[in-house]
Amino acid sequence: MSGDAQKAKAGGEGQVTAITPRSEDFSRWYTDVIRRAELADYSPVKGCMVIRPYGYAIWELIQQGLDRRIKATGHVNAYFPLLIPQSLLLKEAEHVEGFAPQVAWVTRGGTEDLEEPLAIRPTSEAIIGTMYAKWIQSWRDLPVLINQWANIVRWEKVTRLFLRTTEFLWQEGHTAHETAEEAEAETLKILHEVYRDFVETELAMPVVVGRKSDSEKFAGADRTYSIEALMGDGRALQAATSHNLGQNFAKAFGIQFQARDKSLQHIWGTSWGITTRLIGGVIMTHGDDNGLVFPPRIAPYQVVIVPIPRGNWRETVLPHAKAIFDELTAQGVRVMLDDRDAYTPGWKFAEWEMRGVPVRLEIGPKDIEKGQVMLARRDTREKLSAGRDGLAARIVDLLADIQRTLFDRAVKFREEHTSETTSYDEFKQIMEGRPGFVIAPWCGSAECEAQIKAETQATIRNLPLEESAGGVCVRCGQPGVARAYFAKAY
RNA sequence: CGGGGCGUGGCUCAGCCUGGUAGAGCACUCGGUUCGGGACCGAGGGGUCGGUGGUUCGAAUCCACUCGCCCCGACCA
């Protein structure tokens, strides 16, 4: 506890400047909050960020929640190399074309030029596919269900903290199946049972589940599915993707197996990923003008205890604070006891609020007399007294309530910012005014999609999984093949 | 990659136009008084002005190039 306080102090300078209000400049608010809350900082390398301890703690919690679900659905973790020989990357044509502009290359080792350039992985289909070709012989070897936690490099022209950085951290699952149906089922299972469940349950971010249009799908996939969340400024964020790779990579890398009928077949593949971008999503979904607001399940500290110093407080007040700390910790609550002398209680209130801690407990001489503590929740900013007895149980309930409240609030926001129209004029009007999701019929042509993007900046985020044909295309008037979710996107 | 903006102690910025070798607030250190919504007093430490080159007796200030960051577009998780 005091150890944690020491750590916090070590990085705790420069906090007094005001955060730009969200309504004034959302982008600036976003970077202000990240830097002031010490989630991340710019590094000397262009486009690369340093994830600081408070930000990395969130990533670790994301890893835990996802890893548990990934394993619960039968997958195992492994690790493949960072460097990929050029020749392997070139094997799948559409894949190469899609990633070529973003690949970083290693052309020299020590003092000698390499005979073959090595790509720093922009994703691992090529290297993993190559290995699968070696490992898979028979239908009895299938399915192969492997996940890896790794870093990725994509040469980005424009970067933003968490949302788009040259190097980022992610999880990428790569599976091989006997049949097309199995691969499709895997792709959808990940989408629903792993990604949607994780993002909605842990991050309290409601998502729209759907399929990507052809122009937005992964380079080399047959079909790409995504979950899309709506940020506080009305722009959509792709929170996760799951790809049905069909037999494209199997054919490119020669991943074959002998089938039950003795014939030689190509495996059916999938791949799917979630990145550190999600941290940006949490910030932009729940944050307010006072700073971060973390859903309890992802909050590095769920409760901060601020003792009120009075007289000989280290003897009179602190022991009570420590007792509460111990009780909460025993309940599995992540607690910070901020017993630093150098800062006043008021300063600490503001500081931990800005850092998004869901619950704050204040305990001073008056409370000790009355057998109570003061309790403040970050989401509603309510402050009230709470009895000392049964406090830990009450906090556990409260954290669950905050988690629920944040999710409900986000759902409400999304509903208020989702509209449906068949009129292109109205469509354009919405995109100019208060953006959000607009559901509109689409004819299925890439031309209309591109034109709409050029004219309104909105793209098709995804298409409903269920049949949604009908009406006429919002732009060209041809029969609609789907009711598409449009939005301006990150 | 196109348009715009910005780089001066840790942070926010003034100084630049009208060259004369750096200032403020906050933060930080030490001592003391405080502490229930970003405390106060006193004493201190810290920068050669993003980088390179040029003009000049002299450059934070003028010129050129360059690097980085932010915002808006085109491309992407």
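Each chain gets a letter, A, B and so on, in the order the sequences are listed, and its residues count up from 1.
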Engineer: Look at all strands and tell whether A/S27 reaches a base, only sugar-phosphate, or nothing, counting heavy atoms closer than 4.0 Å.
Structural biologist: sugar-phosphate
Engineer: Over 60° means perpendicular and under 30° means parallel, so classify the ring planes of A/F249 and A/F253, tilted if in between.
Structural biologist: parallel
Engineer: Between B/rG47 and B/rG37, how far apart are the two C1' atoms, rounded to whole Å?
Structural biologist: 35 Å
Engineer: Heavy atoms under 4.0 Å, any strand shown: does A/F168 hit a base, just sugar-phosphate, or nothing?
Structural biologist: base
Engineer: Compare every heavy atom of A/V194 with every heavy atom of A/R69, then report the nearest pair and how far apart it is.
Structural biologist: CD-O, 3.7 Å
Engineer: At 4.0 Å (heavy atoms only), tell me whether A/K453 reaches a base, stays on the sugar-phosphate, or touches nothing.
Structural biologist: sugar-phosphate
Engineer: In chain order, what residues pass the side-chain hydrogen bond (donor to acceptor under 3.5 Å, both in side chains) check against A/E382, with sequence neighbours excluded?
Structural biologist: A/T380
Engineer: Can a salt bridge be assigned to the pair A/E156 and A/K46 using a cut-off of 4.0 Å between side-chain N and carboxylate O?
Structural biologist: no
Engineer: Do any N or O atoms of the protein come closer than 3.5 Å to N or O atoms of nucleotides 2-8 of chain B, and which pairs are they?
Structural biologist:
none

Engineer: Between A/E362 (CD) and B/rG37 (P), how many Å, whole number?
Structural biologist: 8 Å
Engineer: Does A/E432 come within less than 4.0 Å of A/K488, counting only side-chain N to carboxylate O?
Structural biologist: no
Engineer: Contact class for A/E156 (heavy atom, under 4.0 Å): base, sugar-phosphate, or nothing?
Structural biologist: base
Engineer: Taking atom C1' in both B/rU12 and B/rG7, what distance in whole Å separates the two?
Structural biologist: 13 Å
Engineer: Check this for me: does the side-chain of A/E353 come within 3.5 Å of the base of B/rG37 through a donor and an acceptor?
Structural biologist: yes
Engineer: Suppose you measure atom C1' in B/rC62 against the same atom in B/rC16; what distance do you get, rounded to whole Å?
Structural biologist: 10 Å
Engineer: In the strands shown, is B/rC57 matched to any nucleotide by a Watson-Crick or G-U wobble pair with both distances under 3.5 Å, and which?
Structural biologist: B/rG20
Engineer: Identify the nucleotide, in any strand shown, that forms a Watson-Crick or G-U wobble pair with B/rA39, with both distances under 3.5 Å; if there is none, say none.
Structural biologist: B/rU33
Engineer: Partner of B/rC75 by Watson-Crick or G-U wobble geometry, both contacts under 3.5 Å, or none?
Structural biologist: none
Engineer: Suppose you measure atom P in B/rG46 against the same atom in B/rG23; what distance do you get, rounded to whole Å?
Structural biologist: 13 Å
Engineer: If the P atom of B/rU66 is compared with that of B/rC76, how far apart are they to the nearest Å?
Structural biologist: 28 Å
Engineer: Would you indicate what A/F349 reaches in the nucleic acid, counting non-hydrogen atoms under 4.0 angstrom: base, sugar-phosphate, or nothing?
Structural biologist: base
Engineer: Answer yes or no: does a side-chain N or O of A/K383 lie under 4.0 Å from OP1 or OP2 of B/rG37?
Structural biologist: no
Engineer: So, A/W313 versus A/H320, ring centres under 6.0 angstrom or not?
Structural biologist: no
Engineer: Does B/rG9 have a Watson-Crick or wobble partner in any strand here, with both distances under 3.5 angstrom, and which is it?
Structural biologist: none
Engineer: Applying the Watson-Crick and G-U wobble criteria at under 3.5 Å, what pairs with B/rC28? Answer none if nothing qualifies.
Structural biologist: B/rG44
Engineer: So does A/K348 reach the base of B/rG37 with its side chain, donor to acceptor, closer than 3.5 Å?
Structural biologist: no
